[in-house]
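These notes concern the structure reproduced below.
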Amino acid sequence: MKTCTLSINNKKVTVEAGTTILEAAKSAGYYIPTLCNHPDQAIKANCRICVVEDKTSGKFVASCSTMVYEGADIHTNTKEVRELQTGILELILANHPNDCLNCIRNESCELRKLCERFHVRNYNLAHETDIYPIDNTSGVLVRDRNKCIKCLRCVEACQEAQMVGVLSPSYRSVNTNISAGFGENYDETLCTFCGQCSAVCPVGAIYEYDETEKVWEALHDPKKHVIVQTAPAVRVGLGEEFGMPRGSKVTGKMVSALKMLGFDKVFDTDFAADLTIMEEGYELLSRIKNGGTLPMITSCSPGWINYAEGFYPELLDHLSTCKSPQQMFGAVAKTYYAKKAGIDPADIFTVSVMPCTAKKFECKRPEMNASGYRDVDVALTTRELARLIKNAGIDFTNLEDEDFDSIMGASTGAAVIFGATGGVMEAALRTVYEVVTGKTLENIEFDEVRGLDGIKEATIDLDGTPVKVAVAHGLANAYKVMEMIKNGQAKDYTFIEIMSCTGGCAGGGGQPVGANKSIKERRIDTIYNIDKEMPIRKSHENPEIKLLYDEFLGEPNGHLSHELLHTHYHQRVKR
Amino acid sequence: MGKSLSILTKNFNNINVDTVDDYLAAGGYEGLKKVLSLTPGEVIEVIKDSGLRGRGGAAFPTGKKWEQAAKVKEDSYILCNADEGEPGTFKDRYFLEYDPYRIIEGMTIAAYAVGGREGYLYVREEYGRQKEIVLKAIEAAKAAGFLGDNILGTDLSFDIKVISGAGAFICGETTALIQSIEGGSGRPKIKFQRTAVSGLFGRPTLANNVESYCVVPALFTKDAQAYLSQGTEKSRGTKVISLCGNVEKPGVYEVPFGITLREIIYDLGGGIKDGRDFKFAQIGGASGPIIPKSMLDIPYTYEDFGKEGYSLGTGAILVADDTNSVAEFMVTVQEFFVHESCGKCTPCREGNRQLLKLAHKIADRKATVEDFLTVKRIANVMNKCSFCGLGTAAPTAMVTAIQHFYDMYN
């Protein structure tokens with residue numbers, strides 16, 4: 001490794017050559033302020049607040065985009081550097097609504113934190129804010145351009161990581177703003193609602209459409225039987241909202257909190273994930289046996305479904321017809337559970353807690369009413385659940401653990417790994433192998449499909465038949481896979497998992513903000529640890545799933561399943 | 001010193017540019033012919049020895065730039081920046097209109113010297129007529145064997161594409177210009193490698209201003225001596241300036257470096273219009289300083305302006321008589337920058353917005369001492385922190401106006 005020794009505030013540091021001054025300063029114990037910088041993204045150098053003084057060259061440079069060099073004499077806290085940094089902060093504030101008290105991001109706002117750090121109390125610049133209409137018609141994401149600081153993180157997330165290309169900077173100078181499509185609202189574009197824009201926004205310019213009040217209303221309605229399901233990735237993200245270490249496992253605390261909030265039953269989406277594996281596994285086997293369209297692609301990720309429907313309408317036959325676990329849960333809750341519990345499904349209100357913004361879009365799809373009612377009434381993000389808990393004054397970090405309720409609360413290790421990229425594939429392989437071969441799978445951990453590589457591959461031997469599978473996460477990687485299918489280069493794949501977001505649901509657009517790859521990795525590690533600790537780690541061994549088929553559905557991929565648990569896809573067009 | 005020199009500008013209004021014939025009769029392409037008898041290394045030495053510095057405003061040593069491009073093994077794109085957008089600057093327009101073959105010859109010499117097969121000439125959108133003239137000249141040069149394959153029977157093959165801007169001042173900045181040619185929006189882009197290594201389409205690129213290319217042929221002909229005998233030790237040769245504003249004879253003039261502003265304004269320009277008094281001049285375009293009468297005797301050289309902390313910029317000289325208000329002029333300048341900032345970086349986008357408000361306040365005679373200090377503070381942030389040259393230079397006019405006309409309220 002080629003290294004470089006330089007001085008930061010008169011302290012010698014040696015770092016790898018090619019490191020930015022910003023990173024080198026971190027290793028010397030200094031956090032240089034940043035706003036547009038994001039560790040998972042390209043260097044943009046737009047906000048300029050990371051300016052430092054290079055006394056060797058006598059220049060002031062943006063530390064995010066200037067590489068270290070041997071002998072550089074860098075200063076991050078001189079009088080003038082602080083004046084310049086404060087000056088930039090004040091210039092941003094002069095164009096910012098500064099209504100922190102009303103802002104959804106308040107405590108998690110990076111701009112507000114910098115104001116605290118720089119002790120901005122009064123400044124004499126003319127205050128001139130923008131007056132753009134708020135884009136809130138999608139019912140999924142809200143865009144308030146008046147709060148935008150033009151860091152362009154959202155644009156990069158949309159264009160590079162996701163390759164959706166809905167967001168772009170438009171106009172110039174003081175009129176610069178981030179447009180969706182050609183000056184449209186999100187719901188008039190082919191936005192996939194993955195929400196990655198909201199996850200990287202440093203301020204309150206893009207956020208989830210908050211539906212916590214709807215949930216309070218249901219909870220306060222004595223006639224309603226309110227049940228809740230929580231997705232696998234929520235239990236490894238929620239704690240972050242309460243200052244717990246990134247990736248903390250908070251399953252038991254989360255269940256306790258939900259019970260304290262007054263939900264009549266606290267169920268687990270993991271139950272429905274096991275159900276998905278049964279349905280999807282059998283669908284795959286049926287496609288293989290009957291010459292159906294292959295490779296089959298998973299359909300759990302609604303951001304991915306939106307992407308496929310928008311950009312690859314000609315390839316929709318490749319998508320599994322299985323609904324996502326969220327929707328399977330809703331359909332089963334308002335039929336099977338309603339019947340068993342003796343409750344009129346009209347009185348059941350289903351809430352789901354998801355690491356995802358696209359789940360809001362999914363549950364609002366008109367076709368998602370197989371039970372005769374809205375299968376899922378409200379989908380909350382992890383961030384909104386935290387808001388509910390804070391709202392109720394619950395001392396989350398000190399809660400005792402509690403268990404999910406029966407009969408839709410039992411789950412397996414296979415289900416929890418749905419929260420990580422490659423998890424659905426791994427869970428499916430655990431079940432499909434045993435169903436096809438009749439043998440017990442010895443090594444149930446498929447390392448080839450784990451981790452943050454963009455596209456992963458594995459081959460599993462099904463009694464002499466090698467089955468090749470692939471896993472992709474982040475829509476830019478989905479694009480690559482879909483192009484391969486389109487060009488006939490994916491014929492030897494049988495099954496492909498695609499997740500909309502980098503890292504899978506652990507890195508979902510509804511998770512606590514401020515995540516990056518290493519934080520996503522921590523959440524994923526916790527997910528795999530939960531899997532390891534589970535007494536049952538294969539979906540087909542889930543006793544409540546067995547009971548569901550025995551008592552209600554009959555057989556996987558059967559007639560009733562198709563009515564309740566499967567769907568079909570349509571081309572999405574720009575409105 | 002009553003009149004303009006005519007070394008680089010000798011063909012202005014003197015040749016028919018519809019065909020290459022007049023250009024040839026006036027000694028055109030003698031430079032290229034000479035160049036083709038030299039090695040590329042020798043050509044670059046001549047450029048370096050001439051002391052030529054980029055005439056677009058940044059004044060980077062041209063020879064050094066060419067040397068960097070020549071070091072890259074692959075072919076370079078030969079880029080000509082004709083996005084002449086600094087207010088008050090119109091000298092490149094004259095070259096485009098009256099001597100297009102000189103630009104083509106200069107670019108062809110560059111192609112030979114640094115190794116290149118494709119040229120791009122990026123012309124500002126407003127120069128529609130000039131663009132047509134250049135396109136015609138390129139066709140004529142091609143037909144006469146001065147462009148295309150095996151130029152003058154040698155191994156040199158070179159052609160030029162003409163690209164029109166879309167009306168953004170920022171596209172004169174090289175990385176923004178490159179983005180614009182590539183089909184992106186005209187905003188400057190972070191670069192971690194020199195343009196010589198990774199420029200247009202991510203390939204090696206040599207980018208120069210129109211006038212810089214136009215100096216080149218002269219260095220290889222008998223004009224060389226006339227050119228090099230002008231100027232000072234550190235600012236050799238001549239500079240083509242655009243003189244405008246309240247002078248009797250505005251226009252494009254070729255001047256020797258070392259001439260004073262007073263000589264330019266009073267001798268070449270015929271003095272202030274209608275016999276009025278000089279109030280101030282802005283040097284080098286909207287990004288340049290505003291100077292008072294007391295500075296009229298500063299020699300027009302890189303070094304003498306550098307001593308004052310100024311640059312010559314594009315060579316624009318805008319003269320204002322005593323009927324003009326410095327404060328009103330600051331408003332005009334800031335309006336320009338608020339219109340033309342690309343909006344990418346905070347200091348330029350927000351700084352210009354604030355400066356315009358303050359300029360209005362000053363012009364309305366409502367400014368306090370604190371406001372003047374705020375101008376200074378914002379200007380410092382813009383100057384030291386902006387992403388590109390537009391933002392760093394944008395506050396120059398206001399800062400210098402306040403510096404020299406602090407008594408503007410009186």
Side-chain angles (χ1 to χ4, degrees), chain A residues 18 20 35-36 42-54 58-67 80-81 83-96 111 123-130 148-152 155 168-179, chain B residues 166-171 175-176 184-193 334-361 368-371 373-388 390-392 394:
Chain A
T20 61
L35 281 168
C36 69
I43 293 168
K44 290 176 274 294
N46 295 336
C47 76
R48 318 300 291 175
I49 200 158
C50 67
V51 65
V52 296
E53 187 174 0
D54 175 352
K59 284 182 182 159
F60 290 84
V61 296
S63 59
C64 72
S65 55
T66 310
M67 305 304 159
E80 187 161 16
V81 167
E83 273 170 14
L84 293 171
Q85 291 176 343
T86 310
I88 286 169
L89 190 55
E90 290 178 6
L91 284 170
I92 294 171
L93 295 179
N95 176 237
H96 194 74
L111 181 62
Y123 62 94
N124 57 3
L125 303 186
H127 196 229
E128 182 174 277
T129 51
D130 300 329
C148 175
I149 59 166
K150 288 90 180 171
C151 70
L152 303 195
V155 172
S168 60
S170 54
Y171 301 97
R172 64 190 198 194
S173 188
V174 295
N175 299 316
T176 301
N177 71 87
I178 310 308
S179 289
Chain B
F169 173 67
I170 184 60
C171 288
T175 61
S185 52
R187 288 193 186 88
K189 192 179 169 185
I190 189 98
K191 59 174 186 181
F192 297 104
Q193 285 180 302
Q334 281 319 127
E335 275 172 348
F336 173 77
F337 283 116
V338 168
H339 187 248
E340 294 296 348
S341 167
C342 82
K344 176 186 168 75
C345 75
T346 312
C348 181
R349 183 184 65 243
E350 301 303 333
N352 279 311
R353 185 203 308 254
Q354 293 292 331
L355 287 189
L356 175 58
K357 284 182 184 302
L358 290 159
H360 274 298
K361 228 171 158 182
T368 60
V369 171
E370 190 189 349
D371 288 327
L373 292 173
T374 305
V375 170
K376 216 173 139 188
R377 198 163 64 87
I378 294 171
N380 193 38
V381 173
M382 292 172 70
N383 183 258
K384 298 218 167 83
C385 306
S386 289
F387 186 92
C388 80
L390 194 161
T392 54

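Bear in mind that the values here come from a model prediction, so they are computed numbers and not experimental data.
- For chain A, the nearby part of B:Arg377 is the side chain; its heavy atoms alone come within less than 4.5 Å.
- If you tally non-hydrogen atom pairs under 4.5 Å between each of A:Leu35, A:Asn175, A:Ile43, A:Leu125 and chain B, the highest count goes to A:Leu125.
- Looking at heavy atoms from C-beta onward, A:Thr20 lies out of side-chain contact with A:Ser63 at the 4.5 angstrom threshold.
- Using a distance-only test at 3.5 Å, with no hydrogens or angles considered, no donor-acceptor pair links the side chain of B:Arg353 to the main chain of B:Val338.
- No part of A:Ser168 comes within reach of chain B, as not one of its non-hydrogen atoms sits under 4.5 angstrom from that chain.
- For residues 184-191 of chain B, a heavy-atom distance under 4.5 Å to chain A picks out B:Arg187, B:Ile190, given by residue number.
- For chain B, the nearby part of A:Lys44 is the backbone; its heavy atoms alone come within less than 4.5 Å.
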| Steps toward side chain to side chain contact (heavy atoms under 4.5 Å, CB included) verdict (A:Cys151, A:Cys47) | CA-CA 6 Å; A:Cys151 70; A:Cys47 76; 5.6 Å; no
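- With A:Asn46 contributing its side chain and B:Cys345 its backbone, the two residues share no donor-acceptor pair below 3.5 Å.
- Listed by chain and number, the residues in a side-chain hydrogen bond (donor to acceptor under 3.5 Å, both in side chains) with A:Ser173 amount to none (sequence neighbours excluded).
- Considering every non-hydrogen atom in both B:Cys348 and B:Leu390, the closest pair reads SG-CD2, 3.7 Å.
- Within a 6.0 Å radius of NE2 in B:His360, other residues, nucleotides and ligands contribute more than 12 heavy atoms.
- Proximity to chain A is limited to the side chain of B:Phe192, based on heavy atoms less than 4.5 angstrom apart.
- Between chain A and the residues B:Lys357, B:Gln354, B:Lys344, the largest count of heavy-atom pairs under 4.5 Å involves B:Gln354.
- In this structure, chain B has heavy atoms under 4.5 Å from both the backbone and the side chain of A:Val174.
- No other option in B:Gly351, B:Ala168, B:Gly343 has as many heavy-atom pairs under 4.5 Å with chain A as B:Gly343.
- Contacts from residues 87-94 of chain A to chain B, taken as heavy-atom pairs separated by less than 4.5 Å, involve A:Gly87, A:Ile88, A:Glu90, A:Leu91, A:Ile92, A:Ala94 in sequence order.
- Residue A:Ile49: no heavy atom, backbone or side chain, is found under 4.5 Å from chain B.
- For chain A, the nearby part of B:Ile378 is the side chain; its heavy atoms alone come within less than 4.5 Å.
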| Criterion side chain to side chain contact (heavy atoms under 4.5 Å, CB included) on B:Leu355 and B:Met382, from CA distance to verdict | CA-CA 10 Å; B:Leu355 287 189; B:Met382 292 172 70; 3.6 Å; yes
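- Side-chain atoms of B:Ser341 do not come within 3.5 Å of backbone N or O of B:Phe337 as any donor-acceptor pair.
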| request: Could you check B:Glu350 against A:Glu128 for side chain to side chain contact (heavy atoms under 4.5 Å, CB included), going step by step and ending with a plain yes or no? | output: CA-CA 10 Å; B:Glu350 301 303 333; A:Glu128 182 174 277; over 6 Å; no
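- Both the backbone and the side chain of A:Ala126 have a heavy atom closer than 4.5 Å to some heavy atom of chain B.
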| Derivation and outcome, side chain to side chain contact (heavy atoms under 4.5 Å, CB included), residues A:His96 and A:Thr129 | CA-CA 6 Å; A:His96 194 74; A:Thr129 51; 5.7 Å; no
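- With sequence neighbours left out, A:Thr176 forms a side-chain hydrogen bond (donor to acceptor under 3.5 Å, both in side chains) with no residue at all.
- Between B:Asp371 and B:Thr374, the side chains place no donor N or O within less than 3.5 Å of an acceptor N or O (distance only, hydrogens not considered).
- Side chain of A:Asp54 to main chain of A:Phe60: no donor-acceptor pair is present (N/O by atom type, distance under 3.5 Å, no hydrogens or angles).
- Judged by distance alone, the side chains of B:Asn352 and B:Glu340 never bring a donor and an acceptor atom under 3.5 Å apart.
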